[in-house]
Amino acid sequence: MLKHTEPSHSLLQQPDSRQSFLFSRLQTCKTQQEIKQLHALSLKTGNFNHPSMASRFLAFYADPKINNLDYARSVFEQIQEPKLLSWNIIIKCYIENQRSNDAVALFYELLHELTPDVFTLPCVIKGCARLNAIQEGEQIHGLALKIGFGLDKFVQSSLVSMYSKCGEIDSARKVFDGMGDKDLVSWNSLLDGYSRCGEVELAMELFEQMPDRDSFSCTVLIDGFSKCGRIEKAREIFNRMPDRNLVSWNAMINGYMKSRDFVMARQLFHQMPTKNQITWNSMIAGYEFNGKFMEALEMFEEMLSDGLLPSHVTLLGALSAVSGLAVLSKGKSIHSFMVKNGFELDGVLGTSLIEMYSKCGSIDSAQTVFKTIRQKKLGHWTAIIVGLGMHGMANEALELFSEMCKAGMQPHAITFLGVLNACSHAGLVDTGRYYFNKMIHDYGIEPTIEHYGCLIDILCRAGYLEEAKNMIDSMPMTPNKVIWMSLLSGSRNYGNVNIGEYAAHRLMEVAPNTNGCYVVLSNMYAAYGQWDKVSQVREQMKKRGIKKEPGFSCIEHKGVIHEFVVGDKSHSQTKEIYSKLKEMREKLLSMGHVPDTSQVLLCLEGEKEKEAELENHSERLAIAFGLINVEPGNPIRIIKNLRVCNDCHTVTKLLSDIYNREIIVRDTSRFHHFKNGLCSCKDFW
DNA sequence: GTAGGGTTAG
């Protein structure tokens, strides 16, 4: 960086002697090096602070081609009493670099010195729109009127757009109606407003009233229809577009992804003449959003091998897909890619990484990432608290929660959800009640149905079934499937058939197709020997065509995911796996393990068949695979789509001891760390 | 030499 030294006295007296020379050089020079030399020269010769010189340099550094924001700022800082033009340039530069916060802050600084003009206002209004800062936007609107720029077309259009983006469609309309001279941009701004707030009929009406339309107008409308699920209508407009641009293709892809039409999305993706980063991001995020994690990761790989640089958005999508599949190795490689390419972890990417590591079962790495983030934000604290809770590490989660409060952070609703979830997985009833009340009374946060769900779950797991039932009856919202399921599971665990039946009936009203409901209900009857009721449930399931959701377990090895279902014989290592299973069975037997068949679902009659079913549970196959393939010293990580059954839980504990291996199992809601014959959940799950 | 409108992202 250049040092702005005091110019020598003699040169200062005759600054204009070299000014025209500097001016013409400035016009023709191309490299950053050259401009820096001229900049140095201007400082030496005392021309830097000449009225139009400084802003010329500033404009050069602020130019999108050079785009050295920090340097531009340092140049700006050196200007003595910068003219409005310089302020405008630097504010615009901040907007262009997605630093709207700083742009707005600079604008308020500017107000102490000068009066803004018709160049400043649209720019800073755009910044407010980006920040969703409606209050600042309104303030600046008032200021614009006060200083006499209320009728400037550019100012008005930017206001229409700002109000539209902030969801204040009525205010947008009011400014629009007050415009004397409307052009395409002002029409499009309002059209965007209607599209954004889902008023697509009004948008369509406006579209038809417009004196002119361009590809912007069509794209805005396409996006509006896409977002509210009317993909056919969007397609119609797209088909009629004379000049389809990249953005309209992207908007269509998003629309198809939103309506889960992967075939059409992919078709457009291949058809379009050119793609950009957003196109790829839309495909990746679209797949991820719909739970198509494998496809999302394949797209991500393809994007990289095409030589495109991913953005934050790309990485967010890829990391979420990794979390969904729990492919730790992939997550690690994305993490190192991020470090290598200088992606900051201070923002959502840090949150996403913490989430990824916890969901991949590596809570240690999640904690490491959390510790390395210098400026910890609420999202980071929340992510790690949620992660620790999932891993049954309630004490650590609660400790971090109080540390976070000490650091001056205001926890929000999700943070409390993490805390309550942690309490639930550790069976901390009183602590759970305490935080639930603290949230309401100390932080003024209205509990959502999820918060109630957590607390009710805590009560149910601990056997406080009456209290849970009372809470369900008295809570201000209609109980959902999750809540009735908690009550039902609690009733099964504590043998309360009455409350269990009540919960099951309510559950069937709310969500008649919940297969888990029938399974738990029949397990409950079976556990207490009510076999006639067991067959009734079986009949009901048959009549309604409900089948037990097939369980599967996955294990990743060397970047490949191996999936197993009950009694699976399709794997290439089947022979080895089954002989390992035999060995496991013998070792378990010699430890005196007696299979617990109480949770085996009905259709199997004899004890022997039931035991055989347990032995072939998908996670046992996955464990066998892990014992064969995962190098000793490394934990065996398994992902399940169902809850761990009683017998598998006992068996896995024993296996961790017998084979001296750490086994980490992720089920639908949490992690179990099996080690030395014990589980991190302390048998409470 | 400076200004307003569209796509991904919780």
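No side-chain heavy atom of A/Lys227 sits under 4.5 Å from any side-chain heavy atom of A/Asn254.
Within 3.5 Å, a donor on the side chain of A/Asn245 pairs with an acceptor on the base of B/dG6, or the reverse.
Across all strands shown, A/Ser158 has heavy atoms under 4.0 Å from sugar-phosphate atoms exclusively, and none from any base. Among the atoms of the strands shown, only primed sugar atoms or phosphate atoms (P, OP1, OP2) are found under 4.0 Å from some heavy atom of A/Lys227. Nucleic acid contact for A/Leu184: base, since at least one base atom lies under 4.0 Å from a heavy atom of the residue. A/Asp183 comes within 4.0 angstrom of a nucleotide base, judged by non-hydrogen atoms across all strands. Residue A/Val118 is in base contact, counting any heavy-atom pair closer than 4.0 Å across all strands shown. A/Arg196 comes within contact range of the sugar-phosphate backbone alone, with a heavy-atom separation under 4.0 Å but no base atom that close. Among the protein residues, A/Lys182 comes within range of no part of the nucleic acid, since none of its heavy atoms lies under 4.0 Å from any strand.
Remark: A/Glu77 CD is packed, more than 12 non-hydrogen atoms of other residues, nucleotides or ligands lying under 6.0 Å away.
Taking only side-chain nitrogens and oxygens, A/Arg244 never comes nearer than 4.0 Å to OP1 or OP2 of B/dT7. Taking 4.0 angstrom as the limit, A/Lys92 places a side-chain polar atom (N or O) nearer than this to OP1 or OP2 of B/dA3.
Residue A/Thr415 holds its OG1 atom at 9.5 Å from OH of A/Tyr443, rounded to the nearest 0.5 Å.
Not one N or O on the side chain of A/Arg244 forms a donor-acceptor pair closer than 3.5 Å with the backbone of A/Trp249.
Following rounding to the nearest Å, A/Leu159 (CG) and B/dG4 (P) show an atom-to-atom distance of 13 Å.
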